[in-house]
Every structure is written in C-alpha cells, then in structure tokens.
Amino acid sequence: MTRASFLLGYRTMLIEFDCSVQLSNVVKQAATSCEEFNDEFDPQIRTADPRFGDFQANGVLPFAKKAGLNPRELSEKLLKSIPLSDYWNTSLAGPGFINFKLSEKYFFEWAKKFSDKQSIRSAIKEKKSKKVVFDFSSPNTAKQMHVGHIRSTIIGESLSRLFDFFGHQVIRDNHLGDWGTQFGILLLSIKKLGVSLEDLGADPIAKLEELYRQGNQLVKDNESNLDEARTELVKLQNGDSENLTLWEKIKEISMDSFLKIYDLLDVKFDFSLGESFYRDKVDEIYAKLLSFKICKEDDGALVVFHPEHKRFAKQPFIIRKSDGASNYATTDLATVQYRFEKWNAEEIIYVTDGRQRDHFDQLFLTVKKWYSAEDISPPKLFHVWFGTILGDDNKAIKTRDGQPIKLIDLLKEAIERAKLLIVEKNPSLDCSEVEKRAKIIGLGAVKYADLSQDRTLDYVFSWDKMLAMQGNTAPYLQYAVARINSIFRKAQSQPEDSFNIFQTSLSESERNLFRKLIFFPVVLKQTVKELKPHFLCTYLYELSTDFSSFYNQNKVMVENEKIRSNRLLLCSQTILFLKTGMAILGIETLQEM
Ligand code: ARG
C-alpha cells in the first residue's frame, strides 16, 4: 500500500454524515494517482439505481469525453486506484460509471454514530454560528389575522426552528403593520359613532373590523369625512395624545387576538417591533439616502430608481410620499439599519406573500447601494416568498359570502374535524384525551398541508386531503411515530436505549430503510440552503413509507436476539428522525393514535 492509499484507507474509517461527499473525496484522491486526471475532475456522486448500488460516480464520462479518452478504460483505471474498503464494494457499469454498494458495516456504524439529536447537530453545524433575524407573520393591527397569514407564520416559524437546530442565533421579530393609513378611518369611525374601546363586547377585534368598515362607508358617503379621516391620521402621526391613546388600545386588542393564534400554533416572538417603532428613525434615512444621491425628489415625493434594472429604472421605490408621510418602504429601510446596528444581524430573512417581491427586490437593491456608499457590508437579505392558498374554485380561498376566512375559525375547525375522526375511530376514548389529540392532529394537519408544498406554488386547501391517514399528510407521519412507540412498548424498552449492534446481513427492506435514514442530515442541509421546508416534509414522508414497508415485511420482536436488536435500532433511528424533523416543522407527535 502506498502512503497515500494507506492514509486514505485510514481516513475511510471515519464515517461522515454525508456519504456522497465522503465518496467524492475517495474518488478524487484515487484520481490523483492516475496521470490522466487533473483538478478539473469532478466525480459527480449521485444516488444510484438500487439494483446496481447505492451511489454512483458519473464524472468520468464527461471528463474523458473532453480529454478525448476512452471513458470505459479510464474508469477501469480509476477503479483500480480506489482502495478496497469494508464500507463499500465497487463495480463498473455501462460506458464508465463507478457504482458503490454500501456494506452492512457501513450502515450499522453510521447508525451508531448518528444515533441521537446531538450527533446530527454537531455533524451539520456550520463552523461559525450566524445571527439571523426572522421577520415573519407580521399582520396589520386593527384587523384579524386571516387565512393568508398562516403561510408566513408557519413557514417563518419552521425555518426559525431549523436555523436554531443548526446552532445559529435566531431572533424572531414580528414586524406588525401598526402605523398605516387604516388608522385615520378607524379613528374617524370611533369618534363619529361615539364608541368606547373599553367596551367592545366579547369579540373586540371583530368589532374593530366592523368599525373600520363603517368608517369606510362614512368616507364614501361624505367627502368632508375623508378630510376628517386624514386630519385624524396626521394628528396621530404628530403625536396627539388622545389619538395615541386610542391607537395604543387598538394595538393591545389586536395583539390579544394575535396571541390566541400564536398560542395555538406554538409560535413565540422575541420582539414585536412594528412599523410604528421606526417612526422617529425615518428622517435619518432620508438624509442619508439624499446625501449619497441614492434617492431624489420627484413631485414632492422621495424616490429611488435603479437605472441598471429593467423595470426599476422606471418603477420608483417611493420612500417618502408627496404629503411628507413615511411609508412601508421607509420603515423597512429603518428596520434594516436597526437590526444591523442594535442586534448585529448578519442575515435577515423576510417571509411574505409573493406579491411583495418587487418591494423586497427594490429594498435590497437600495440597501446595497446605501451601505456600499458607507463602505460597510450590510447583512445578507433574503425574501422567502410564497404563493396563495386556493379554494375549490382555484381562486384565493374565501368564505361562502366572499369574505376572507378568519384564521382563528380555520384553526378551530381543524380541531373540530380532527375530533370527529378520533371519536369515530375510538368511541370510548376519554374526553380530555380526545381534546389533546384533536389539537395535535388538527393543527398538525393544517401546518403540514402548508409546509409540504413548494412554498412558491399556490395550493388548493382541502380538509379531506390534509386529514387523511394515507398520503403525504401529518396524520400519516404521526401514525408512523405512534406505531413505533407501540413497538417499543411491546419490547419494554425506549427508543433512546442503546442497542447492541450485530453484523447480520440485511433484507431488502431493511437496506432500503437504512438508505433513507442516512439522508436525514443531508436533507436538513438542503432545506436550510433552499429555505424550503417541503424538502424536509418530502423526506419525512418517504422515510415513513420506507418504514412501513420495512415493518410490514419484517417482524421486529423475533426470537433471534441479534436480528431483534438490529431491527429495534432501525425503529429507534426512524422515530428519532421523524420526531426531530416534525419538531422542526412545529408538528407534535403522539404515543398512541
Ligand atoms: N404587514 C405586512 C403585510 O401584512 C407584512 C410585513 C412584512 N415585513 C416587512 N418587514 N415588510 O403584508
């Protein structure tokens, strides 16, 4: 054995969390001892057709073609330099692919090494933990949250949890829309109708919405009311104490209604600094952008154009309206500065509807120019946008009478529907247990239905689909977890117990399950890279399906102690990954279902 291959043989003893990276290194290393290869050679490790192997190196083909060499011969030569290993067998296929079939030893050792949450976390952790601000949910005050708000809340929360899992420092900030023009109309309505905010009845937020509607009507009916509404808004913005007190009360009522929803969804914010928080910080922004010549006056307004951009060369980013008022763009600029200076944010991730893409593109371009004028590198900004939830008619989902669906009603309905299903299946179940399970199943179903879709697509909301026990649904995953819990009850042991590992040969379905398990950390990495929770969902679904075929084909509690112990290990790792993944998605699991 040469020194290089001796070292390599030694190195392959260490099992990495990502087998494809490890194999890629092995192949690259082998290529250094064949003169035909150079640094440009990329082994291109991909998963293989399971009939031939577990992984495949595809890179020889394009490399040989480019170099004018025979790919099959080159692969043969390369294959000879790949040292023998206990962890995989190699073979040559087709015009020059190299197949790797992982050995039992590899799988068992991998399982042993990544058998708890902590080992996965340390394996995937980036060298340096980042400070990341998540800006999500962010409803407008004085209105109820409606079904549209669920996406930002749930996607934002699950990505925050994922970043937490990766060891980053996460700050969750609810950027409330609490300083908008809606307050002029609302204040007008409150005053004209002589309403006391202390006495709004059982559903104060609904009453506020009604007052807003009535205010709109007043404005429509009479031109002078519109002027009055404007005056009320200006008074508020100039710090009139009566209006400020009313505004604060409105915010409190709104926050109470939001908190009920956040409680149900198990979402907590570190801060809820709304737009109003930045109202005294905007003058500084105008001054800076003017001095850097990034914005200019246009008909009394302050605007930013981006000449290098196809559309934003002409489409202005208005940062101060012609009446002198600040707006959504101004407060967002001030917010970036605040998060950067006060919190040392290295990244800011905004989770909103796709219709705000232009706003964020313009914001990001403006921030880039502003900070480069100051010779500072700004935090990295990301817009995590999502599509619309559709009704049966393929249009944005609405109630029968065309109103937006209140989020609280939707969540309550989810719980009620889950309750019916549980009682139907289990009529003798104790009431409090029914309540508990209904919350976990109902809310889990709604969350998962959202998270399991590529967020950039619209999706059709369907109660039947999301609550189904079959298919890519939360109940299906929860059922897999409950099933494994029952296996451990029968075995009178715990999934966390450590299992002796014996090298036995693996059946096809055991092998298949192992093949899926080793991808868990890789999928977490991919999900964080793409900021798309559906990658994790799809994986968890496939893992449950593979578990199910494993379980249907292999009895776990067999006499043979070695086989039993190995199978319990597979169950233990499956439940660990399912529960860890689901916790990242914000979905709870059950002992029994
Ligand atoms: N309040 C806004 C809305 O309801 C979302 C705010 C998103 N965050 C931000 N920094 N602009 O559409």
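Whatever order the structure lists ligands and atoms in, that order sets their numbers, starting from 1.
For a threshold of 3.5 Å applied to N or O pairs, the pair formed by Ser138 and ligand 1 contains at least one separation below that value. Polar contact check, Arg339 against ligand 1: no nitrogen or oxygen pair lies under 3.5 Å apart. In terms of polar-atom proximity, defined here as any N/O pair under 3.5 Å, Asp332 does make such a contact with ligand 1.
The protein non-hydrogen atom at the shortest distance from atom 8 (N) of ligand 1 is Asp135 OD1, 2.9 Å. Of all protein heavy atoms, the one closest to atom 7 (C) of ligand 1 is Tyr328 OH, 3.4 Å.
For ligand 1, the atoms lying closer than 4.0 Å to a non-hydrogen atom of Tyr350 are 10 (N). The atoms of ligand 1 that sit less than 4.0 Å from any heavy atom of Phe360 are 9 (C), 11 (N). Less than 4.0 angstrom separates some heavy atom of Thr352 from each of these atoms of ligand 1: 7 (C). The Gln356 neighbourhood of ligand 1 comprises atoms 3 (C), 12 (O), with distances under 4.0 Å to a heavy atom of that residue.
Of all the heavy atoms of Phe136, none lies under 4.0 Å from any atom of ligand 1, so neither backbone nor side chain is involved.
Looking at Asn327, its side chain does come within 3.5 Å of a backbone N or O of Ile318 through a donor-acceptor pair. In terms of modelled atom types and a separation under 3.5 Å, the side chain of Thr245 and the main chain of Ser241 share a donor-acceptor contact.
For Phe271 and Phe277, the ring centers are positioned 6.0 Å apart or more. The aromatic ring centroids of Phe519 and Tyr539 lie 6.0 Å or more from each other. Ring centers of Trp343 and Tyr338: under 6.0 Å apart, within the cut-off.
With respect to the salt-bridge test (charged N to carboxylate O, under 4.0 angstrom), the residues Lys128 and Glu346 qualify. The pair Arg417-Glu413 meets the salt-bridge criterion, since a charged nitrogen lies less than 4.0 angstrom from a carboxylate oxygen.
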Inset, instruction - Begin with the C-alpha distance, continue with both residues' side-chain angles, and end with the deciding distance and a verdict on side-chain hydrogen bond (donor to acceptor under 3.5 Å, both in side chains) for Ser322 and Asp299. - result: CA-CA 7 Å; Ser322 48; Asp299 257 346; over 6 Å; no
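Under a 4.0 Å heavy-atom criterion, Thr335 is not in contact with ligand 1.
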